[in-house]
Each structure stands twice: as structure tokens, then as C-alpha cells.
Amino acid sequence: GALQDRIAGAALLSRLCVATPAEQVVLTAGGQNALHAILASTLRPGDAIACGRYVYSGFKALATRLGLRLVPLAEMTAAAFDEALSREPVKALYLVPTNDNPTARTLGANEREAIAALLVRHNVQLIEDDAYGPLSADMLPPVTSFAPDRSWYVASTSKVISPALRVAYVRAPSVGTALRLAADVHETAIMAP
């Protein structure tokens, strides 16, 4: 994205989750493009991703296409995530923390912090798809705010503004990962609208 757009994204992401420099912001052609780019640039076929037992169908389709294994949790809780981590190596956790799609569940603040502690302890990446977070009357801290150096935070506009606006801001864990993500976005969508 253009510098002025990344600066605007950094201001938004700094309000939504954690202080974010423009160099860690990547613009994508919507949330789905962001998820595709994150998965393609960070994971390899066969890698395991923990997720809810019922998961967003678009994410499931991407994981299947890229040969990633989904590890469904009985429920999206720190206890269920910890149990999954004890069974097998997991590279990433995918979650929609507020008004989850398709369950409509919202994780409480304590649960978010407990999940983040497990991410740090087990060196697991987070893919936080916070499409509905800004719509919540009670703005809860994103999981990213507790583990920013291992989190991919996706804030799309299509749910909070209009489905016709296919733009998302991604906060990458670091400047280096943002550059790799930007290269993947360029390969798949050239640029955000």
C-alpha cells in the first residue's frame, strides 16, 4: 500500500489493538486476501493450525488449498488450546475473537489473555481475524495486544463499512514479516483497491 494509506492503517490499528508503525502495516484486497497471503507466506503444506471446531468456511477453503492441517478445538478456550498443543505441534492459531463466524461467540478478556500466554509459551503464531471487533459495544482487547510479536491482526472494512469495500489492514508481527506479506499480496492481488 501507499505510505499515506499505511499511515492511516497504522493509526487505526494502534486504536484497535496495539501501537503499530506504518512499516508493519500491509493493505490487502479484503480479509480473505489477507488470510491467503498470511497462510501462503508463513506456513508450509502439512503444517497444523488450531482453530474452532466450527470455523469460517473461507479459512477452511484456504487451508485445504494450501495443504494445511486444521486442528479443531472442542471450544475456543485456553484449556482446549492447551490440550491440543499437548497432542501435536501446532504452528498457528486462527480465531475470530469477537462475534466469531459461524458461532457468534465472543471471547472474554481473561480468555484472550490466557490464549496469548499459551501462544508465547509454545511459540505459536496467531492469525486474529477481527472483522467484527469494531462493531462491539464493549471493545475488548484483541489477543494481539497480549502477544504482538507473534500476531497477525486483520482488520477488514467489508463487515464494518460495506461489503463493496474490499480493503483490509494487516498488522504483521515485524517489519520483515510485513515485507514478505506485501510480496505475497502483490503476487495474488497486485494491490488493494
Side-chain angles (χ1 to χ4, degrees), residues 1-45 47-51 56 58-59 62-63 65-68 90-98 112 115-134 139 141-161 165-193:
L3 179 59
Q4 66 208 29
D5 297 327
R6 289 186 291 113
I7 290 170
L12 173 68
L13 293 168
S14 293
R15 283 195 313 274
L16 292 176
C17 63
V18 66
T20 303
E23 295 78 18
Q24 279 180 253
V25 177
V26 178
L27 271 74
T28 66
Q32 189 72 9
N33 178 233
L35 295 174
H36 181 275
I38 292 166
L39 294 178
S41 67
T42 63
L43 300 171
R44 299 294 163 250
D47 284 349
I49 305 171
C51 61
Y56 164 53
F59 186 79
L62 289 172
R65 178 180 183 86
L66 296 171
L68 303 170
V90 171
K91 296 279 187 174
L93 170 68
Y94 170 77
L95 62 80
V96 180
T98 302
R112 293 171 188 229
I115 288 171
L118 290 169
L119 294 168
V120 172
R121 186 175 334 134
H122 294 278
N123 194 29
V124 174
Q125 293 184 75
L126 171 66
I127 303 166
E128 186 168 13
D129 187 356
D130 204 14
Y132 303 99
M139 292 290 288
V143 179
T144 296
S145 67
F146 302 110
D149 62 338
R150 64 187 63 254
S151 299
W152 298 90
Y153 182 84
V154 180
S156 66
T157 58
S158 63
K159 303 295 187 291
V160 297
I161 298 175
L165 187 56
R166 304 299 307 157
V167 175
Y169 296 101
V170 177
R171 182 195 186 280
S174 67
V175 174
T177 55
L179 291 170
R180 285 195 302 277
L181 184 68
D184 194 273
V185 169
H186 182 75
E187 288 172 7
T188 57
I190 304 299
M191 63 182 195

[X]: side chain to side chain donor-acceptor pair (under 3.5 Å) partners, not counting sequence neighbours:
X	answer
Ser151	none
Ser156	none
Tyr132	none
Asp47	none

Considering residues at least two apart in sequence or located in another chain, which fulfil the side-chain contact (heavy atoms from CB on, under 4.5 Å) criterion with [X]?
X	answer
Ser174	Thr177
Leu12	Arg15, Leu16, Tyr169
Arg150	Leu119, Val120, Asn123, Ala147
Ala50	Leu73, Phe81, Val90, Leu93

Are the side chain of [X] and the backbone of [Y] linked by a donor-acceptor contact shorter than 3.5 Å?
X	Y	result
Ser158	Arg166	no
Thr144	Cys17	no
Arg112	Pro141	yes
Arg65	His36	no
Glu128	Pro142	no

Using the test ring pair (Phe, Tyr, Trp, His ring centres under 6.0 Å), find all partners of Tyr94 that sit at least two apart in sequence or belong to another chain.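 Partners of Tyr94 under the ring pair (Phe, Tyr, Trp, His ring centres under 6.0 Å) test: Phe59.
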
Check: residues 22-29 side-chain donor-acceptor pairs under 3.5 Å, at least two apart:
{"residue": "Gln24", "atom": "NE2", "partner": "Ala172", "partner atom": "O", "Å": "2.7"}
{"residue": "Gln24", "atom": "NE2", "partner": "Pro173", "partner atom": "O", "Å": "3.3"}
{"residue": "Thr28", "atom": "OG1", "partner": "Gly30", "partner atom": "O", "Å": "2.9"}

Is there a side-chain contact between Thr42 and Trp152, using heavy atoms and a 4.5 Å cut-off?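 Thr42 reaches Trp152 side chain to side chain.
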
For a quick test of reading the model, state the closest non-hydrogen atom pair linking Lys91 to Leu43 and the distance between them.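 Closest heavy-atom pair between Lys91 and Leu43: CB-CD2, 3.7 Å.
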
Under the side-chain contact (heavy atoms from CB on, under 4.5 Å) criterion, do Ile127 and Leu35 qualify, and how do the steps go? CA-CA 8 Å; Ile127 303 166; Leu35 295 174; 3.7 Å; yes

